[in-house]
> 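Sharing a structure here in structure tokens format.
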Amino acid sequence: MFPYPSGKIHMGHVRNYTLGDVVARYKRARGHSVMHPMGWDAFGLPAENAARERGVHPAKWTYENIANMRAELQRMGLSLEWEREFATCQPEYYRHQQKLFLDFLKAGLVERKESWVNWDPVDGTVLANEQVIDGKGWRSGAPVEKKQLSQWFLSITKYAPQLLDALDTLDRWPERVRLMQANWIGRSEGARLTFRLTGGGDGGLDVYTTRPDTLFGMSFLAIAPEHPLAGAVAARDPKAAAFIADCKSRGTSEATIETGEKLGYDTGLRVSHPFIEGASYPVWIANFVLMEYGTGAIFGCPGHDQRDMDFARKYGLNVTPVVLPPGADPATFTLGDDAYVGPGTIFNSGFLNSLDVDAAKRAAIQRLEEQGVGKGVTNWRLRDWGVSRQRYWGCPIPVIHCASCGVVPVPDDQLPVRLPDDVTFDKPGNPLDHHPTWKHVPCPRCGQAATRETDTFDTFVDSSWYFARYCSPTADVPLVKEAVDHWMPVDQYIGGIEHAILHLLYSRFFTRAMKDTGHIAVEEPFAGLFTQGMVNHESYRGADGRWLYPEEIEKRSDGTAVHRETNEPVTVGRVEAMSKSKRNTIDPGAIIARFGADTARWFILSDNPPDRDMEWTESGVAGAYRFTQRIFRLAEALDTVPQEAKPAAFGTAGRALRRATHRCIAAVTEALESFAFNVAVARLYELANAITEAERAAPEPGLVWARREAVEMMARLAAPMMPHLAEDVYARLGAGDGTLAAELPWPEAEPDLLAAESVTIAVQVMGKLRGTVEVPPDAAADLVLAAAEAEPNVAKALEGKRIVKRVHVPNRIVNFVIAG
RNA sequence: GCCCGCCUGGCGGAAUGGUAGACGCAGCGGACUUAAAAUCCGCAGCCGGUAACGGCGUGGGGGUUCAAGUCCCCCGGUGGGCACCA
């Protein structure tokens, strides 16, 4: 995933792009044509904050950050294709985004609609749900209001079924991410039905339910405070209006929701029941009913829904059980304050009686359809994607509002709609709105004075198609179909788990939308996904409670720490995510300057499996650095010994080293294929140990040749992970005649050398290890069993016992089952 | 509340159902050095034993199997996702 240009790279970037670079270099060596691009997710709020706080223009701030971070990434030795680089804030990029949006608009995939949003009255902008913390704006600290605004929406819900179903085809995605997306999309089966208002009420109230089997247990109907009917009631009932205002001021993430306090207001209206002739029920406005889900109205069945139960008990509404748990007696079954949500048999329910829950759902839906008051429907939790932001530093939404023509798309030949440079940030709100001239344009249709849309796109739009743009980064159309067909989908996408839903789901939607508007042929953007863990570090606190940077402290051998300058004791805190506030960050630039990029890459790969959180430790880095020095010494040691031709036969030490070398080739290859980089590292340590052993062995013909082979393979196998050192060692060996290790095909192990000269067989008696025997590979079972039985310690265990079964797994194990 | 991971030495972790703890970090002992650093060699799960060896051991309990860290069931702990979603 491409980075946001915040200023400096952090360890998360180092981990992310090291992983990707290992894959790119390895795949290249395997003969694949690899595209490994880099770009910048360059629009966003921090640039505007910098403008407000420091008076620097967002563009200047952003481009300076990009230049700095590009240099840092280049120092890491990433094999990136910089020819394809772009930043999403460049008009050359965002003009194509505007074109895609207009095509989506034409195709009916864009809607402008009123919606309830989080509104920060101080900053004067809409906030995303993530930007609302405890009901307050994350920057201003002002209580967030719910406000109805006209916003642009991308119709992601139209793709809900496909986005859900296609998850099954993403077999190289982590199961956990697919589950999270499935939950987010949230398919549910139920019924939609209309309750008629009694007493001259016009029309009815639509309700969605997953429990039509419990309709006979109804005791009230509840609508969301934002429901149109609630508004109508409030217009003539001041108390209702006050109640609604109170609900709105509480916000969505207020404590009342967490504690589950249910609040309601009886409107005085009543609805009739679709199945029970003559019955009627009160209509309440309730704070726990969400306008955004279903129809914004529910029927309350307290017996079998806990929220309805809480509400009914609080306001003294009827509770009628209609599902009888297995084994319960219908004559005596009652409910306390806990709703019964388990399986059972329907009772108290007219024509549904004696059916089980599932059968009753089907029967109820069938009856609703026959009566023409409802039907079975599938409902989705996923909502359309609101992309309007009242922000300057984003891609302008390319439409014009005209008093007579309405919303008019900006004609293609007038794209891009460029952001003006001359803006000021002295007032809160959107600078585009305050700009004296920018928004005033003639209507492209009628020519009369009109105004531009001043909202810009959510930055998630920018990142929803950049990967496809890499295929033809300079084309004058958004996407060149042939290029996209050739490269896409992305074979290996790597990023943090925090993107599991938003970015990855938006991109999946966008890719489908681009297909349906004829831009590309693929429908899934990422065939393989890998989610890396975070990079954590210990945190430190001085005696005065202030957080201390790692370089300010000194670790003692007993695990305690003191302040480097004052010698005062330091509290060693938890290992947690690196953050500026805890001061437990490590600057990759400093690490690279001190130890080199290879050490940083090697340590980050060696510490643990890459999908888990890792701990950055000073001793771990030192260990990685030591190993780079050791490899160099192993190569250097060959400078002073004469070269040898490959002999026809090797001695004992030479054979042992060659087997170690070729087993290492096979093992590292397998480890890299399965993203087990920490295991690949361990195998290379083993090879280094084997080379050291060979250095110490008595000289024999061919041993130097075997050492050269081992060191060369060491360099080539380590090359994807430590590219600089690998080239240095490879050049020093003089093997390549000026070619780079990176240009060589991936080494192949010689099959003969993978087989051991003898194998150690574990010998068990009743599943307990009693000894081992050395036998030739693939030795006959009777020979192995005889040797096993003769092994002294095994013989002792077998003494006086009768062997009832002899298990022999070739080249692995023998197990004697005994009796008596 | 619902859904999903994870649990192995002091630490990170390894282990196609087949010798649990590879490899590294930290630690201990030794060599080299006047000394230190660096480097090299060696030890190292726990308990008992000089040792040979024996017993125990992958969160706890049960099961399948000749054989379980690995497969199945129950429980516990822990981390994460979603959450008045009707």
> Verify the contact: side-chain N or O of R381(A) to OP1 or OP2 of C3(B), cut-off strictly under 4.0 Å; return yes or no.
no

> Would you indicate, yes or no, if A14(B) has its OP1 or OP2 atom less than 4.0 angstrom from a side-chain nitrogen or oxygen of N678(A)?
yes

> Ring pair (Phe, Tyr, Trp, His ring centres under 6.0 Å) for F595(A) and Y625(A)? Distances and angles first, verdict last.
CA-CA 7 Å; F595(A) 298 104; Y625(A) 180 68; 5.3 Å; yes

> Quick check on C85(B): is either OP1 or OP2 less than 4.0 Å from any side-chain nitrogen or oxygen of N183(A)?
no

> Please state whether the phosphate of C85(B), meaning OP1 or OP2, lies under 4.0 angstrom from any side-chain nitrogen or oxygen of R307(A).
yes

> Nearest whole Å is fine: how far is C84(B) P from F220(A) CZ?
17 Å

> Does G54(B) have OP1 or OP2 sitting under 4.0 Å from an N or O in the side chain of N793(A)?
yes

> Look at R806(A) and C66(B) and indicate whether a side-chain polar atom (N or O) is within less than 4.0 Å of OP1 or OP2.
no

> Regarding Y208(A), tell me which of base, sugar-phosphate or nothing describes its non-hydrogen contacts under 4.0 Å with the strands shown.
base

> Which part of the nucleic acid, if any, lies within contact of V817(A), taking any heavy atom under 4.0 Å across all strands shown: a base, the sugar-phosphate backbone alone, or nothing?
sugar-phosphate

> At 4.0 Å (heavy atoms only), tell me whether L179(A) reaches a base, stays on the sugar-phosphate, or touches nothing.
sugar-phosphate

> So which one's nearest nucleotide on RNA chain B is more toward 5', S619(A) or I501(A)?
S619(A)

> Check every strand shown and say whether T692(A) touches a base, only sugar-phosphate, or nothing at a heavy-atom separation below 4.0 Å.
sugar-phosphate

> Specify the glycosidic conformation (syn or anti) of G9(B), with syn defined as within 90° of 0.
syn

> Would you mind telling me which residue lines up with the more 5' stretch of RNA chain B, S606(A) or R211(A), judged by nearest nucleotide?
S606(A)

> Under 4.0 Å between any heavy atoms, over every strand shown, what does V289(A) touch: base, sugar-phosphate, or nothing? Just pick one.
base

> Does CD in E693(A) sit with more than 12 non-hydrogen atoms of other residues, nucleotides or ligands closer than 6.0 Å?
no

> Would D384(A) and T157(A) count as having a side-chain donor-acceptor pair, cut-off 3.5 Å?
yes

> Do K262(A)'s NZ or CZ and the ring of F288(A) fall within the cation-pi criteria of under 6.0 Å and 45°?
yes

> Verify the contact: side-chain N or O of R812(A) to OP1 or OP2 of A67(B), cut-off strictly under 4.0 Å; return yes or no.
no

> Using OP1 and OP2 only, check whether a side-chain N or O of R612(A) sits under 4.0 Å from G13(B).
yes

> Determine: side-chain N/O of R626(A) to OP1/OP2 of C25(B), distance under 4.0 Å, yes or no.
yes

> Report yes or no: is there a donor-acceptor pair, N or O only, under 3.5 Å between the side chain of N815(A) and the base of C66(B)?
yes

> Salt bridge between E189(A) and K361(A), side-chain N to carboxylate O under 4.0 Å?
no

> Considering just the side-chain nitrogens and oxygens of K768(A), establish if one lies under 4.0 Å of OP1 or OP2 belonging to C56(B).
yes

> Report which part of the nucleic acid N689(A) touches: base, sugar-phosphate, or nothing (heavy-atom distance under 4.0 Å, all strands).
sugar-phosphate

> R770(A) side chain N/O closer than 4.0 Å to the phosphate oxygens (OP1, OP2) of G55(B)?
yes

> Is there a donor-acceptor pair under 3.5 Å between the side chain of R211(A) and the backbone N or O of G190(A)?
no

> Touch check for E686(A), heavy atoms < 4.0 angstrom, all strands: base, sugar-phosphate only, or nothing?
sugar-phosphate

> Look at the side-chain N and O atoms of Y293(A) and state whether any lies under 4.0 Å from the OP1 or OP2 oxygen of A86(B).
yes

> Counting distance alone, no hydrogens or angles: does the base of C85(B) have a donor or acceptor under 3.5 Å from a partner atom on the side chain of R383(A)?
yes

> For U64(B), which nucleotide in any strand shown is its Watson-Crick or wobble partner with both distances under 3.5 Å?
none

